[in-house]
Every structure is written in C-alpha cells, then in structure tokens.
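Structure, as structure tokens:
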Amino acid sequence: MSNTGMNMRGKITFYEEKNFQGRSYECMNDCPDMTSYLSRCHSCRVESGCFMVYDRNNYMGNQYFMRRGEYSDYMSMMGMRENIKSCRMIPMHRGQFRMKIYEKENFGGQSNEMMDDCDNIQERYRMSDCQSCNVMDGHWLMYEQAQFRGKMMYMRPGEYRNFREMGMSGQRFMSMRRITDMC
C-alpha cells in the first residue's frame, strides 16, 4: 500500500500487557467501548494517524492525544491512572483552521477568532477564561494550562456551548493547538 493511502486512515493496536504483550486489539476507527475486546490495556502502538484515547467509555473522562509511535507502558509515560476504555480516530484536515473562543458559557462575554495555535489566551487576547467555543474548520486540542500543558480536550467542528456539560467541570482552557497532518 502506498504511503499516502496509509496516512488517510489511522491504525492503532492496543495490548493487554506492557511492552506489546498479551492479547491485542487493532483499531482503525472510533471505538466507544474497548472492554468488550480487552479486559485491560497497558501498551499500544500507533502505526499511522493520530488518536484520542479516553479513560472512560463513550469518549468520556480524561483524554490523551497519541501520535504515531510506540507506547510500551503508556500509563507511566503519560501519567494515566486508568486503563484506556475508548478511542477516537482524528481525521486529518487539510486547509484552513478557524475557531471562535468565548469567555463565558453559551457564547457570552469577550470573544476572539483564532486561525493558528495560541499558547496563552490571557497574554494574547487578555481573556481570563474560555468556557465555550465554535469550531468552524479543522480539529483542535484545548489545554487547561498555558504552553499546551495540563488536561486536554479534543474539539471537532461544531458548537460547544458549555464545557461543564461535557464532563469538564471546573476546567478552564488557556491554550489551543491545531491538529495538523504532522502526526
């Protein structure tokens, strides 16, 4: 298969034990509940594409971004306390990126439109918080701390009126990064 064909679809393989041992499960798209395939998961290999993995079913709980590479013991490598329970393939977006961020829920308060990465919304836009957003183009990662650190949330195109309703209670986002085809 040609290299370009592989880049269009992602492929991740999960293993029950560390160092790619034990039973495995190969995934090439979204999987809302991995427990039916593996009782536990301690390592994984991303062969192509990028994925978000979650420590709860149905894309809930803490989220972690995984690009191409080997994760022989992802729990210690990424500071995860729980097993991966669901995963989502991130489609590669070519073209412009656009997102409007809002200080308050339901698109209230100060707003700013972004087309590139922002390592600190407080410094760039004088915004103290971001509690809702509208992703017009592209796929983004939002981080709770400046400089792309802390807990993260994957944002696909769509309207996000209230992060708290998405299981992100008490969480604020201070930096945003585009997910490009540099995976």
Side-chain angles (χ1 to χ4, degrees), residues 7-12 14 27 29-32 44 46-56 58-71 74-75 77-82 84-103 105 107 111-125 127-183:
N7 290 340
M8 298 310 285
R9 301 263 332 136
K11 182 177 172 187
I12 187 169
F14 298 97
C27 186
N29 44 37
D30 296 356
C31 179
C44 67
V46 181
E47 293 176 44
S48 58
C50 296
F51 288 82
M52 288 307 289
V53 297
Y54 303 80
D55 61 11
R56 288 174 52 202
N58 297 313
Y59 323 115
M60 300 294 284
N62 293 312
Q63 308 182 17
Y64 302 88
F65 177 67
M66 292 186 152
R67 63 177 63 243
R68 189 174 177 172
E70 297 197 334
Y71 302 84
Y74 72 82
M75 288 176 108
M77 290 166 83
M78 304 172 83
M80 287 179 81
R81 291 183 298 280
E82 300 286 332
I84 293 172
K85 299 276 180 25
S86 56
C87 81
R88 181 166 265 164
M89 191 194 77
I90 301 172
M92 280 304 105
H93 174 77
R94 285 172 178 72
Q96 71 171 356
F97 285 75
R98 277 191 330 138
M99 171 169 63
K100 197 160 190 180
I101 58 172
Y102 298 84
E103 195 174 22
E105 296 171 357
F107 314 128
S111 70
N112 286 283
E113 190 169 302
M114 305 171 52
M115 296 182 78
D116 58 358
D117 300 351
C118 176
D119 62 3
N120 189 330
I121 62 168
Q122 210 156 15
E123 284 180 6
R124 188 190 286 185
Y125 301 119
M127 284 177 76
S128 59
D129 205 351
C130 172
Q131 294 185 8
S132 57
C133 73
N134 180 8
V135 178
M136 285 89 88
D137 295 299
H139 297 253
W140 298 74
L141 287 176
M142 297 179 75
Y143 297 82
E144 70 176 341
Q145 296 170 25
Q147 310 300 327
F148 316 116
R149 294 195 324 263
K151 286 186 177 176
M152 62 179 77
M153 187 163 68
Y154 166 49
M155 310 300 279
R156 305 194 286 189
E159 294 187 347
Y160 300 89
R161 294 182 168 276
N162 187 334
F163 295 150
R164 241 175 252 128
E165 287 174 2
M166 300 169 64
M168 297 288 168
S169 59
Q171 195 162 323
R172 54 197 268 184
F173 294 101
M174 299 306 292
S175 54
M176 295 82 187
R177 174 178 275 162
R178 297 161 299 155
I179 302 175
T180 64
D181 59 2
M182 299 302 288
C183 289

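Quick note: residue numbers are just sequence positions, from 1. Predicted model only: the values in this text are computed from it and were never measured.
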Distance-only, no hydrogens or angles: does the [X] side chain make a donor-acceptor pair with backbone N or O of [Y] under 3.5 Å?
X      : Y      : result
Asp119 : Ala146 : no
Ser86  : Arg56  : yes
Tyr74  : Ile84  : yes
Asp55  : Asn62  : yes
Arg98  : Met115 : no
Glu144 : Gly150 : no

- Residues that Arg161 engages under side-chain hydrogen bond (donor to acceptor under 3.5 Å, both in side chains), provided they are two or more places apart: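 For Arg161 there are no side-chain hydrogen bond (donor to acceptor under 3.5 Å, both in side chains) partners, ignoring immediate neighbours.
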Which heavy atom of [X] sits nearest a heavy atom of [Y], and at what distance?
X      : Y      : value
Tyr59  : Cys87  : CE2-O, 3.2 Å
Asn120 : Gln122 : OD1-N, 2.9 Å
Glu82  : Lys85  : OE1-NZ, 4.3 Å
Pro91  : Tyr154 : CD-OH, 3.7 Å

What is the distance from atom [atom1] of [X] to atom [atom2] of [Y], rounded to the nearest 0.5 Å?
X      : Y      : atom1 : atom2 : result
Tyr125 : Cys118 : OH    : SG    : 5.0 Å
Arg178 : Leu141 : CZ    : CG    : 12.0 Å
Met142 : Lys151 : CE    : NZ    : 15.5 Å
Met99  : Cys130 : CE    : SG    : 7.0 Å
Cys44  : Tyr64  : SG    : OH    : 12.5 Å
Glu123 : Ile121 : CD    : CD1   : 11.0 Å

- Message: Over 60° means perpendicular and under 30° means parallel, so tell me whether Phe163 and Tyr160 are parallel, tilted or perpendicular.
- Response: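 Phe163 vs Tyr160 ring planes: tilted.
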- Task: Could you walk me through whether Lys100 and Tyr102 pass the side-chain contact (heavy atoms from CB on, under 4.5 Å) test, one step at a time?
- Result: CA-CA 7 Å; Lys100 197 160 190 180; Tyr102 298 84; 3.3 Å; yes
- Query: Only one of Met89, Met66, His139, Met152 clears side chain to side chain contact (heavy atoms under 4.5 Å, CB included) with Met52; which?
  - Reply: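 Of Met89, Met66, His139, Met152, side chain to side chain contact (heavy atoms under 4.5 Å, CB included) with Met52 is met by Met152 alone.
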- Test side-chain contact (heavy atoms from CB on, under 4.5 Å) applied to Phe97 and Asp117, step by step: CA-CA 10 Å; Phe97 285 75; Asp117 300 351; over 6 Å; no
- Task: Test Met155 against Met176 for side-chain contact (heavy atoms from CB on, under 4.5 Å), laying out the working first.
- Result: CA-CA 10 Å; Met155 310 300 279; Met176 295 82 187; over 6 Å; no
- Given side chains that start at C-beta, do those of Ile101 and Phe173 come closer than 4.5 Å, heavy atoms only?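 The answer is no; the side chains never approach within 4.5 Å.
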- Minimum side-chain heavy-atom gap Ser128-Glu103 below 4.5 Å: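 Touching, per the 4.5 Å side-chain cut-off.
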- Carefully, step by step, assess Met92 and Ile90 under the rule side-chain contact (heavy atoms from CB on, under 4.5 Å). CA-CA 6 Å; Met92 280 304 105; Ile90 301 172; 4.3 Å; yes
